[in-house]
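A quick write-up on the structure given underneath.
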Amino acid sequence: MTNSTLSNEDRTRLIQGAFQARKKTYSPYSNFPVGAALLTTDGRIIEGANIENASYGGTICAERTAIVKAVSDGYRHFAGIAVTTKMPTRVSPCGICRQVLREFCSLDMPVLLVPGDYPQRNPVDDDGADKPGVITEGGVRETTLGALLPDSFGPENLPPRA
């Protein structure tokens with residue numbers, strides 16, 4: 001196991017939430033369903049699924065769906081996120097999702113990258129040793145937002161508002 005700031009219960013809830021969210025995807029063009037679950041600091045799970053559009057640029061990823069739902073409902077503080085697809089390998093949030101998460105999440109926030117065939121019996125680090133994080137129970141790669149978005153740019157990097 002890793003030095004996670006998440007309890008075992010919260011890890012389980014996040015992983016289950018990501019799988020529940022994946023069931024709600026609208027992905028007829030890519031056939032690549034993605035589910036994300038975001039944990040608020042007060043213990044709520046906010047689910048998000050990818051929602052595609054015939055105009056591909058109009059597609060929104062699961063991670064952004066979750067963060068937009070949460071923020072629009074008044075939540076601005078988060079303790080973790082889990083992401084899953086149907087792939088047996090772990091898939092990381094895209095660059096846009098990482099930047100959107102960076103707006104509202106701390107760089108040390110845990111990010112759980114969950115294989116689609118979770119739990120894996122004998123997880124192997126088949127994603128490459130150069131990727132951030134550690135493989136934990138069931139084949140989950142646990143990392144942080146800061147590891148996924150090094151040298152990031154955030155609200156504190158902007159000039160003060162007038």
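Count residues from 1 along the sequence. What you see below is based on every heavy atom in this structure, not just the backbone, and it leaves out hydrogens, waters and symmetry mates.
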Pairwise side-chain contact, [X] with [Y], heavy-atom cut-off 4.5 Å (strictly under):
| X | Y | value |
| --- | --- | --- |
| T144 | V111 | no |
| P93 | V83 | yes |
| T5 | P110 | yes |

Of all residues at least two apart in sequence or in a different chain, which pass the side chain to side chain donor-acceptor pair (under 3.5 Å) check with [X]?
| X | value |
| --- | --- |
| T12 | none |
| T40 | D42 |
| S27 | T25 |
| D108 | S106 |

Query raised in the report: So does K86 have more than 12 non-hydrogen atoms from other groups sitting under 6.0 Å from NZ?
Result: no
Check your understanding: Would the number of heavy atoms belonging to other residues, nucleotides or ligands and lying under 6.0 Å from CG of N31 be above 12?
Key -> no
side-chain contact (heavy atoms from CB on, under 4.5 Å) filter on P28, not counting sequence neighbours, yields Y26, E52
Can you hop from [X] to [Y] via hydrophobic side chains spaced under 4.5 Å?
| X | Y | value |
| --- | --- | --- |
| F32 | L113 | yes |
| I96 | V71 | yes |
| V91 | I51 | no |

Inter-residue atom distance [X].[atom1] - [Y].[atom2], 0.5 Å rounding:
| X | Y | atom1 | atom2 | value |
| --- | --- | --- | --- | --- |
| E142 | E137 | CD | CD | 11.0 Å |
| T143 | L112 | OG1 | CG | 10.0 Å |
| L6 | I15 | CG | CD1 | 9.5 Å |
| F153 | E103 | CZ | CD | 9.0 Å |
| I45 | I81 | CD1 | CD1 | 10.0 Å |
| Q120 | I135 | CD | CD1 | 8.0 Å |

Open item on the list: Between R98 and S92, is the side-chain hydrogen bond (donor to acceptor under 3.5 Å, both in side chains) condition met? List the steps.
Closed with: CA-CA 9 Å; R98 293 175 195 201; S92 183; 2.7 Å; yes
For residues 145-154, the salt bridge (charged side-chain N to carboxylate O under 4.0 Å, His left out) pairs (sequence neighbours left out) are none
Residues pairing under salt bridge (charged side-chain N to carboxylate O under 4.0 Å, His left out) where one sits in residues 25-37, two or more places apart or in two chains, turn out to be none
Testing the basics here: between [X] and [Y], what is the closest heavy-atom pair and its distance to 0.1 Å?
| X | Y | result |
| --- | --- | --- |
| A21 | G48 | CB-O, 3.3 Å |
| S152 | L107 | OG-CD2, 3.6 Å |
| P115 | P88 | CB-O, 3.2 Å |

message = Let's go through R11 and T136 carefully: what are the C-alpha distance in whole Å and the side-chain angles of both, what is the deciding distance for side chain to side chain contact (heavy atoms under 4.5 Å, CB included) to 0.1 Å, and is it a yes or a no?
response = CA-CA 11 Å; R11 267 179 68 83; T136 64; 3.0 Å; yes
Under 3.5 Å donor-acceptor pairs involving side-chain atoms of residues 58-70, not counting sequence neighbours:
unit_1: T59; atom_1: OG1; unit_2: N53; atom_2: N; d: 3.2
unit_1: T59; atom_1: OG1; unit_2: Y56; atom_2: O; d: 3.1
unit_1: T65; atom_1: OG1; unit_2: A49; atom_2: O; d: 3.0
unit_1: T65; atom_1: OG1; unit_2: C61; atom_2: O; d: 3.0
unit_1: K69; atom_1: NZ; unit_2: E47; atom_2: O; d: 2.7

R102 meets the salt bridge (Lys or Arg N to Asp or Glu O under 4.0 Å) criterion, sequence neighbours left out, with E156
- Begin from the C-alpha positions of V140 and Y118 and carry the test side chain to side chain contact (heavy atoms under 4.5 Å, CB included) through to its verdict. CA-CA 8 Å; V140 175; Y118 174 86; 3.6 Å; yes
Residue pairs meeting side chain to side chain donor-acceptor pair (under 3.5 Å), one or both in residues 72-84, sequence neighbours left out, come to R44-Y75
Has R90 got a side-chain atom pairing as donor or acceptor with G139's backbone, closer than 3.5 angstrom? yes
Going by chain and number, the hydrophobic cluster around L149 (ILVMFWY, side chain to side chain under 4.5 Å) further includes none
